[in-house]
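What follows is one structure encoded as structure tokens, with my remarks underneath.
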Amino acid sequence: MADQSRPRLTTTAGAPVPSNNTSQTAGPRGPVLLQDYQLIEKLAHQNRERIPERVVHAKGWGAFGTFTVTNDITHISAAKVFDTVGKKTEVLTRFSTVAGELGAADAERDVRGFSVKLYTEEGNWDVVGNNTPIFFIRDGIKFPDFIRTQKRHPKTNLRSPEAMFDFWSAHPESVHQVTILMSDRGIPVNPMHMHGYGSHTFSMWNKDGVRHWVKFHWRSQQPIRNYTNAEAEALIGKTRESYQEDLYNAIDGGNFPKWTLCIQAMPEEDAERVPYNPFDLTKVWPHDDYPLIEVGVMELNRNPENYFMFIENAAFSPSNVVPGIGFSPDKMLQARIFSYADAHRYRLGTHYEALPANAPKAPLHHYHKDGAMRFFTNDFGNPDAYYEPNQHGGPVADPGVQEPPLKISGDADRYVQPDADADYVQPRALFNLLPADEKARLFDNMASAMGPCSANVKERWLAVLRRVHTDYEAGVRSALAAADDVNAIPVTEATQTQAAE
Ligand code: NDP
């Protein structure tokens with residue numbers, strides 16, 4: 001007799017099951033009967049408990065929270081999420097490392113993903129960025145190659161510093177991001193003590209159709225805190241799950257982390273005037289040129305009830321914008337608009353947006369039809385309205401949410417950045433602002449990361465560093481020598497010009 005105070009165990013079809021311990025056999029010593037559906041269902045489900053992990057950003061940590069508008073930016077954006085100071089919108093965040101697999105240690109030196117889904121009244125707005133304002137490359141056509149260098153070597157099945165630095169030295173625009181990666185901010189102590197960035201340039205338009213180009217900054221209200229390589233190594237020896245522990249426990253204990261959302265706003269016509277390409281993901285907009293404008297505060301205050309359901313199933317995509325917020329010509333953004341939604345269709349299924357983590361809180365009216373996970377209704381109360389246009393009261397498009405026309409023209413071609421020196425200006429500005437002790441750690445971190453590389457790749461990368469700053473090259477060169485990885489090779493004319501085209 002079952003314990004009447006507890007719910008009855010059932011099959012997934014809802015039928016009560018008589019035993020969860022003993023399979024049905026033809027005699028006391030077996031064999032097992034194929035008709036034991038409880039056994040078969042359990043085994044079949046176990047086989048299907050995993051979905052493909054993300055190719056990048058597989059290891060992640062996340063939570064729910066609230067975004068509250070604190071400053072009026074309606075003169076810049078007509079997005080309803082910003083229309084009233086004090087307005088609150090529910091959010092889901094996911095932070096991640098880029099290269100590691102699902103079981104990777106949290107406190108590794110890597111860029112961190114920083115994704116926020118805002119469930120606005122006009123649909124989900126996803127800001128799918130990183131903890132860095134820039135990225136390694138500026139063109140999505142290089143993304144598969146770049147990620148390949150971050151993943152395992154096909155023969156050794158090991159991560160390959162040789163591949164990473166070989167690739168980076170062939171793409172000098174990467175030195176900006178690699179400098180941040182090798183700086184103190186390459187290993188944040190946990191997601192709460194780092195800033196986030198939308199990284200790409202987006203667009204915003206107001207009710208009069210005036211467009212600004214914008215950058216998003218999530219400024220941590222917790223102090224910026226990072227681990228050194230030695231601290232991270234010691235920590236990983238004790239726990240591989242430090243980010244999950246820190247984030248979960250902080251929220252569970254009522255210590256809710258907060259970030260201030262700021263934008264940089266560039267009038268549309270300035271894009272032609274600034275000395276850098278404002279749509280190049282390897283460049284920031286200097287704060288002096290475009291100061292941060294406060295928009296609101298994000299507070300994370302609720303741990304998901306189920307990790308898989310809300311964090312593994314969470315599908316963030318830069319394609320999710322809402323009226324008043326749009327894209328820009330940024331080539332990486334344009335590639336990700338396709339690539340991220342496509343990854344989710346593969347990883348989660350056709351109707352991944354209907355999963356609880358992704359389902360909009362806004363009214364939903366679309367004509368997409370059947371396929372995996374068609375467990376929602378969209379017949380609009382009239383089954384005849386299943387195509388468009390129709391005379392049966394089905395939903396219709398709203399021209400009022402059309403963004404203003406993009407005033408950009410040019411010949412269709414494959415454009416290479418004309419000024420090779422432009423890629424070194426901003427890394428140099430970053431290098432110059434680092435205090436001496438952080439520079440010393442940057443040299444050591446870089447030397448440690450490139451230590452296993454061949455002499456050829458080391459020299460190619462040192463030549464890139466030299467074009468940023470001679471002190472940068474000299475510092476890394478002497479850190480390499482000190483680590484006994486290379487003999488101190490004197491700087492020559494040849495090494496100065498070895499930066500790959
Ligand atoms: P500012 O002096 O106004 O700002 C410097 C920025 O660098 C601050 O946001 C600071 O963050 C951040 N920073 C400090 N140390 C590091 C580090 N180790 N890794 C990454 N970021 C760091 O300068 P500018 O706006 O003129 O930019 C100068 C350089 O600063 C840029 O070329 C770029 O490399 C870097 N940077 C610029 C950002 C931007 O959006 N303008 C954003 C981040 C970096 P904090 O305020 O927390 O100290």
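All values reported here derive from a predicted model rather than from experimental measurement. This chain uses plain numbering: 1 for the first residue, then up along the sequence. Counting starts at 1 for both ligands and their atoms, following the listed order.
In terms of protein heavy-atom proximity, atom 29 (C) of ligand 1 is nearest to Leu433 CD2, 3.9 Å. Ranking the protein heavy atoms by distance from atom 33 (C) of ligand 1 puts His176 NE2, 3.4 Å first. Distance from atom 14 (C) of ligand 1 to its nearest protein heavy atom, with residue and atom name: Arg185 NH2, 3.3 Å. For atom 31 (C) of ligand 1, the nearest non-hydrogen atom of the protein is Val284 CG2, 3.6 Å. Counting protein heavy atoms only, atom 40 (O) of ligand 1 is closest to His217 CE1, 3.2 Å. The single protein non-hydrogen atom nearest to atom 42 (C) of ligand 1 is Pro133 CG, 3.6 Å, given as residue, atom name and distance. For atom 35 (C) of ligand 1, the closest heavy atom belonging to the protein is Leu430 CD1, 4.0 Å. For atom 6 (C) of ligand 1, the closest non-hydrogen atom of the protein is His287 CE1, 4.1 Å.
The two residues Phe256 and Asn301 make their nearest non-hydrogen contact at CD2-CA, 3.5 Å.
Note on ring orientation: taking the six-membered ring where Trp is involved, the planes of Phe146 and Phe135 are perpendicular (angle over 60°, cut-offs 30° and 60°). Using cut-offs of 30° and 60° for the angle between ring planes, the His171 and Phe167 rings count as parallel.
Taking CE of Met332 as the reference point, atom CD1 of Ile337 lies at 11.5 Å (rounded to 0.5 Å).
Aromatic ring centroids of Trp213 and Tyr290 lie 6.0 Å or more apart.
Using a non-hydrogen distance threshold of 4.0 Å, Arg219 registers as a contact of ligand 1. In this structure, Leu434 has a heavy atom closer than 4.0 Å to ligand 1. Look at Tyr197 and you'll find a heavy atom under 4.0 Å from some atom of ligand 1.
Seen from the ring of Phe95, Arg112 does not count as a face-on cation partner, given the 6.0 Å and 45° thresholds. Within the cation-pi definition used here (under 6.0 Å to the ring centroid, within 45° of the axis), Lys439 qualifies as a partner of Phe431. Relative to the ring axis of Tyr276, Lys283 does not place its NZ or CZ within 45° and under 6.0 Å from the centre.
An N or O contact shorter than 3.5 Å links Glu438 to ligand 1 by distance.
Side chain of Asn206 to main chain of Thr74: no donor-acceptor pair is present (N/O by atom type, distance under 3.5 Å, no hydrogens or angles).
Distances from atom 9 (O) of ligand 1 to the protein include at least one heavy-atom value under 4.0 Å.
Counting the atoms of ligand 1 from 1 in the order shown, those under 4.0 Å from a heavy atom of Ile180 are 19 (N), 20 (C). Per-residue contacts place His195 under 4.0 angstrom from the following atoms of ligand 1 (heavy atoms of the residue considered): 45 (P), 47 (O). Each of the atoms 25 (O), 26 (O), 41 (N) of ligand 1 lies under 4.0 Å from some heavy atom of Pro286. Taking every non-hydrogen atom of Ser183 and a distance limit under 4.0 Å, the qualifying atoms of ligand 1 come out as 17 (C), 18 (N), 19 (N). Of all atoms in ligand 1, listed by their number and element, those nearer than 4.0 Å to a heavy atom of Gln426 are 32 (O), 34 (O).
Heavy atoms of Trp285 found under 4.0 angstrom from ligand 1 belong exclusively to the backbone.
The existence of a salt bridge linking Lys87 and Glu121 is confirmed by a sub-4.0 Å separation between a basic side-chain nitrogen and an acidic carboxylate oxygen.
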